[in-house]
Participant: 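Supplied in structure tokens, the structure appears directly below.
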Amino acid sequence: MRAIKFRGKDLDTYEWVFGDLLRVIDYDPDTRKGVFTKGYIIHEKGDENTNYVCRSVDIDPNTIGQFTGLIDKNGKEIYEGDIVKIKTLQGIVTWHPNGYFCIHTYKCDISEVSYTAIGDMVDYFHKDLYDDGLEVIGNTFDNPDLMKGGMK
């Protein structure tokens, strides 16, 4: 089973935190309903030495990215918003509207393709691209300079 987890930047320290994603819900006594607020919280699990104590962290909602369930060739977890490279294909990991993670390419040796599937969705025609494996070279928040030239 694939691990469902997220990352986001702590609003206080602007460091990455990893864990479960929750939206903050405030109770509106007038309507007697829950109201979603803008705050997001990641519960970050501790290690064995901290007895798995969780902590709540307010994070920047613009930096939220879900773990794809994939690991790059160097053993690094791949999240939405990561900039990855495979041979000459380079792009941003995004969630495709059809329901799978893909690379939104902006420097590409495949003509007229703006999305390339990753993981289990790789089709027969793109398998040769993945022989050397994906490599995370940065992310859109910490390394915007890697996206020079914009998306194609």
Side-chain angles (χ1 to χ4, degrees), residues 1-108 114-122 129-130 132-152:
M1 176 185 270
R2 179 173 75 84
I4 307 292
K5 60 183 177 178
F6 295 83
R7 73 173 179 193
K9 290 232 176 186
D10 184 319
L11 281 174
D12 293 328
T13 66
Y14 223 65
E15 296 291 323
W16 287 107
V17 291
F18 300 83
D20 299 326
L21 178 66
L22 303 171
R23 289 185 73 176
V24 177
I25 301 175
D26 288 332
Y27 177 74
D28 183 349
D30 295 331
T31 63
R32 296 183 180 195
K33 293 182 180 179
V35 178
F36 287 112
T37 64
K38 294 182 181 180
Y40 289 87
I41 295 174
I42 286 186
H43 282 247
E44 188 176 51
K45 292 184 179 178
D47 59 21
E48 295 145 8
N49 298 326
T50 59
N51 297 321
Y52 294 98
V53 174
C54 294
R55 68 184 182 108
S56 299
V57 180
D58 290 327
I59 59 173
D60 179 349
N62 297 317
T63 63
I64 294 170
Q66 185 175 0
F67 176 49
T68 64
L70 302 172
I71 307 293
D72 81 351
K73 68 182 186 178
N74 300 315
K76 187 172 183 175
E77 294 179 337
I78 301 174
Y79 285 83
E80 279 181 281
D82 279 340
I83 301 170
V84 295
K85 183 176 180 180
I86 315 168
K87 296 184 180 179
T88 59
L89 175 71
Q90 184 173 316
I92 301 168
V93 175
T94 60
W95 181 253
H96 193 278
N98 289 340
Y100 56 88
F101 287 106
C102 62
I103 302 170
H104 188 172
T105 58
Y106 53 95
K107 293 180 182 174
C108 186
S114 60
Y115 289 98
T116 301
I118 59 176
D120 294 336
M121 295 299 296
V122 175
L129 276 173
Y130 296 88
D132 297 332
L134 283 164
E135 180 178 18
V136 175
I137 59 172
N139 64 65
T140 57
F141 311 104
D142 297 330
N143 313 99
D145 55 314
L146 292 175
M147 302 183 304
K148 286 183 180 171
M151 305 291 271
K152 287 186 181 177

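Just so it is clear, the model here is predicted, and its values are computed rather than measured.
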Participant: Return the set of residues passing salt bridge (charged side-chain N to carboxylate O under 4.0 Å, His left out) with Lys5 (not counting sequence neighbours), or none when no residue passes.
Facilitator: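 Lys5 satisfies salt bridge (charged side-chain N to carboxylate O under 4.0 Å, His left out) with Glu77 only.
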Participant: For Asp30, check side chain to side chain contact (heavy atoms under 4.5 Å, CB included) against everything at least two apart and list the hits.
Facilitator: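 Listed in chain order: Asp28.
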Participant: Quick check for you: to the nearest 0.5 Å, what is the distance between Leu21 atom CG and Ile59 atom CD1?
Facilitator: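 Answer rounded to 0.5 Å: 5.5 Å.
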Participant: Under 3.5 Å, is there a donor-acceptor pair between the side chain of Thr68 and the main chain of Tyr79?
Facilitator: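 Checked: no pair found.
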Participant: Drop me the distance from Leu70's CG to Phe101's CZ, to the nearest 0.5 angstrom.
Facilitator: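 Reported value, rounded in 0.5 Å steps: 8.5 Å.
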Participant: Is Ile92 close to Val84 at the side-chain level, that is, under 4.5 Å between some pair of heavy atoms?
Facilitator: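 Not touching, per the 4.5 Å side-chain cut-off.
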Participant: Determine the minimum heavy-atom distance between Asp12 and Asp10, stating which atoms define it.
Facilitator: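 Smallest interatomic distance, heavy atoms only, reads N-OD1, 2.6 Å.
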Participant: So, for Gly81 and Arg7, which heavy atoms are closest and what is the spacing to 0.1 Å?
Facilitator: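 Heavy atoms of Gly81 and Arg7 come nearest at C-NH2, 3.9 Å.
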Participant: Ring pair (Phe, Tyr, Trp, His ring centres under 6.0 Å) with Phe6: which residues, sequence neighbours excluded?
Facilitator: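 None.
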Participant: Has the side chain of Gln90 got a donor or acceptor atom that lies under 3.5 Å from a matching backbone atom of Lys85?
Facilitator: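 Side chain of Gln90 to backbone of Lys85, a donor-acceptor pair under 3.5 Å: no, none is there.
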Participant: Listed by chain and number, what are the side-chain hydrogen bond (donor to acceptor under 3.5 Å, both in side chains) partners of Asn139, not counting sequence neighbours?
Facilitator: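 Checked Asn139 against side-chain hydrogen bond (donor to acceptor under 3.5 Å, both in side chains); matches are Asp142.
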Participant: Going through the distances and angles, do Lys9 and Asp58 end up as a salt bridge (Lys or Arg N to Asp or Glu O under 4.0 Å)?
Facilitator: CA-CA 8 Å; Lys9 290 232 176 186; Asp58 290 327; over 6 Å; no
Participant: Drop me the distance from Asp145's CG to Asn143's CG, to the nearest 0.5 angstrom.
Facilitator: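 It comes to 6.0 Å.
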Participant: Taking the side chain as everything from C-beta on, heavy atoms only, tell me whether Thr63 gets closer than 4.5 Å to Tyr14.
Facilitator: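 The answer is yes; the side chains approach within 4.5 Å.
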Participant: Quick one: pull up OG1 in Thr140 and CD1 in Ile83 and give me the separation to the nearest 0.5 Å.
Facilitator: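 Rounded to the nearest 0.5 Å, the OG1-CD1 separation comes out at 6.0 Å.
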Participant: Under the rule for salt bridge (charged side-chain N to carboxylate O under 4.0 Å, His left out), what residues qualify as partners of Asp60, not counting sequence neighbours?
Facilitator: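 With sequence neighbours excluded, Asp60 shows a salt bridge (charged side-chain N to carboxylate O under 4.0 Å, His left out) to no residue whatsoever.
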Participant: Would you check if the side chain of Asp72 reaches a backbone N or O of Val136 as a donor-acceptor pair within less than 3.5 Å?
Facilitator: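 Yes: the side chain of Asp72 pairs with the backbone of Val136.
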Participant: Within this structure, what is the CD-OG1 distance for the pair Gln66 and Thr94, rounded to the nearest 0.5 Å?
Facilitator: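 Spacing of CD (Gln66) from OG1 (Thr94) equals 12.5 Å.
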Participant: Please enumerate all residues that pass side-chain hydrogen bond (donor to acceptor under 3.5 Å, both in side chains) together with Asn74, with sequence neighbours excluded.
Facilitator: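 Here the qualifying residues are Glu135.
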Participant: About how many Å separate CZ of Phe67 and CZ of Phe18, when rounded to the nearest 0.5 Å?
Facilitator: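 Going from the CZ atom of Phe18 to the CZ atom of Phe67 covers 10.5 Å.
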